[in-house]
J.: 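Got a structure for you, written out below as structure tokens; questions coming shortly.
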Amino acid sequence: MNKELHTIALFGGTFDPVHFGHLRMALELRQALGFDEMRLVPSHQPHHRQTPGVSAEHRRQMLALALEGCNELQLDERELDRPGPTFTVDTLEALRGELGDEVSISFCMGLDSLLTLPSWHRWERLLQLAHLVVVTRPGWKLPQRDSGGAHGEVADILARHGGKKADIHAESRGRLVVREQTLLPISATHIRHLIGSGQSPRFLLPAAVLQYIEDNQLYRQVAAGDESSDD
Ligand code: ATP
């Protein structure tokens, strides 16, 4: 029988600001897939989206407040400490170098992120370094092999690397595990928009995070790209 590996999962994002959608998703994934560690990794400067609304330091502080007293989730600051654009592959290379080969590492993402995978920097390398865990909403369809284009390519990756929970515990990398999970209908864009338009985002995010936002007067200006996104 294979021995059980120590399992570490990473959940990346801008967390601008962190909210209950992120926190529930991370906790439920940890419980469902039995990870030993679940690390939230705020990105410094994601290359694939516009610059976040507030500084890396504010985002770090908000995450730290959100996770205070929570033993199940940890903050991993490695991307904030690194200057320049954030590439997932660099983060995984660094972590693999640090932890060696006998640890199972999983990088978690939503299905929307998976569909853009073929455009990620050195994406083929990702599965040589880690497992990918993809969260789909109930009822969502995975791409099919005859879809063509990027979706067809993703379907191929799924066919070649598809795995299940037990693989994450027996192997250190290389599997793509799909997990269906209900997501809370909360987005950081909506929270920024509420604050920018003078409304309260209370009950969408931890009270300590909201207090921090108020104390530091964050998100008072609605970002240009946010204005038409909600409501
Ligand atoms: P924005 O609205 O600014 O795009 P966001 O709320 O989607 O932000 P991100 O920091 O971009 O948050 O996302 C980090 C990760 O959290 C992504 O993998 C994303 O798919 C996931 N995520 C975002 N919102 C939710 C939610 N409500 N439930 C579960 N996961 C979520």
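Order of listing sets the numbers, starting from 1, for every ligand and every atom in it. In this text the structure is predicted, and so the values were computed from the model without any measurement. Computed from heavy atoms alone, side chains included, the values below leave out hydrogens, waters and symmetry copies.
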J.: What pair of heavy atoms forms the shortest contact from Gln128 to Arg173, and how long is it?
T.: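 Closest approach of Gln128 to Arg173: O-CD, 2.8 Å.
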J.: Can you see which heavy atom on Phe15 is nearest to which on Pro42, and at what distance?
T.: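 Looks like CD1-CA, 3.8 Å.
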J.: Does one side chain, of His19 or His22, offer a donor that lies under 3.5 Å from an acceptor on the other?
T.: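 A donor-acceptor contact under 3.5 Å links the two side chains.
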J.: Search all heavy atoms of Met62 against all heavy atoms of Val54 and return the closest pair with its distance.
T.: CE-CG2, 4.0 Å
J.: Looking at ligand 1, is there an atom of it that comes within less than 4.0 Å of some heavy atom belonging to Arg24?
T.: no
J.: Throw together a table of side-chain donor-acceptor distances under 3.5 angstrom for residues 203-216, partners on residues two or more places apart or in other chains.
T.:
unit_1, atom_1, unit_2, atom_2, d
Gln211, NE2, Asp215, OD1, 3.0
Tyr212, OH, His58, ND1, 2.7
Asn216, ND2, Tyr212, O, 2.9

J.: Considering distance alone, does some N or O of Met25 sit under 3.5 Å from an N or O of ligand 1?
T.: no
J.: Taking 4.0 angstrom as the limit and counting only heavy atoms of Ser187, give me the atoms of ligand 1 inside it, by number and element.
T.: 2 (O), 6 (O)
J.: Hey, is Thr189 touching ligand 1 through its side chain, its backbone, both or neither, going by heavy atoms under 4.0 Å?
T.: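 The part of Thr189 near ligand 1 is both the backbone and the side chain.
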J.: Please tabulate, for side-chain N and O atoms in residues 135-143, each donor-acceptor pair with protein atoms closer than 3.5 Å (sequence neighbours left out).
T.:
none

J.: Only heavy atoms of Ile186, strictly under 4.0 Å: list the atoms of ligand 1 that pass.
T.: 24 (N), 26 (C), 27 (N)
J.: With a cut-off of 4.0 Å, which atoms of ligand 1 are near a heavy atom of Leu184?
T.: 26 (C), 27 (N), 28 (N)
J.: I'd like to check whether Ser113 has a polar contact with ligand 1, where a contact means an N/O of the residue lying under 3.5 Å from an N/O of the ligand.
T.: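 No.
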J.: Would Leu80 and Met38 show up in the same hydrophobic cluster when neighbours are defined by side-chain heavy atoms closer than 4.5 Å?
T.: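 Hydrophobic grouping puts Leu80 apart from Met38.
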J.: Any nitrogen or oxygen of Asp16, main chain or side chain, under 3.5 Å from a nitrogen or oxygen of ligand 1?
T.: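 Asp16 vs ligand 1: no N/O contact under 3.5 Å.
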J.: Does at least one non-hydrogen atom of Phe20 fall below 4.0 angstrom from an atom of ligand 1?
T.: no
J.: Strictly under 4.0 Å, does any heavy atom of Cys108 approach an atom of ligand 1?
T.: no
J.: Any side-chain to backbone donor/acceptor pair from His131 onto Arg175? Under 3.5 Å, distance only.
T.: yes
J.: Which part of His19 is near ligand 1, with near meaning a heavy atom under 4.0 Å away: side chain, backbone, both or neither?
T.: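 Side chain only.
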J.: Polar contacts were defined as any N/O atom of the residue lying under 3.5 Å from an N/O atom of the ligand; does this apply to Phe15 and ligand 1?
T.: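 N/O-N/O distance below 3.5 Å exists for this pair.
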J.: Atom 3 (O) of ligand 1: which of His22, Arg59, Arg192 has the nearest heavy atom?
T.: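 Going through His22, Arg59, Arg192 one by one, Arg192 has the nearest heavy atom to atom 3 (O) of ligand 1.
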J.: Is the shortest side-chain heavy-atom distance between Glu153 and Asp156 below 4.5 Å?
T.: no
J.: Under 3.5 Å between any N/O of Phe11 and any N/O of ligand 1: does that happen in this structure?
T.: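 In this structure, Phe11 places no N or O atom under 3.5 Å from an N or O of ligand 1.
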J.: Please list, in number order, the atoms of ligand 1 under 4.0 Å from a heavy atom of Gly13.
T.: 10 (O), 14 (C)
J.: Which atoms from ligand 1 have a heavy atom of Leu183 less than 4.0 Å away?
T.: 28 (N), 29 (C)
J.: Any idea which heavy atoms bring Gln181 and Arg24 closest together, and the distance?
T.: NE2-O, 4.5 Å
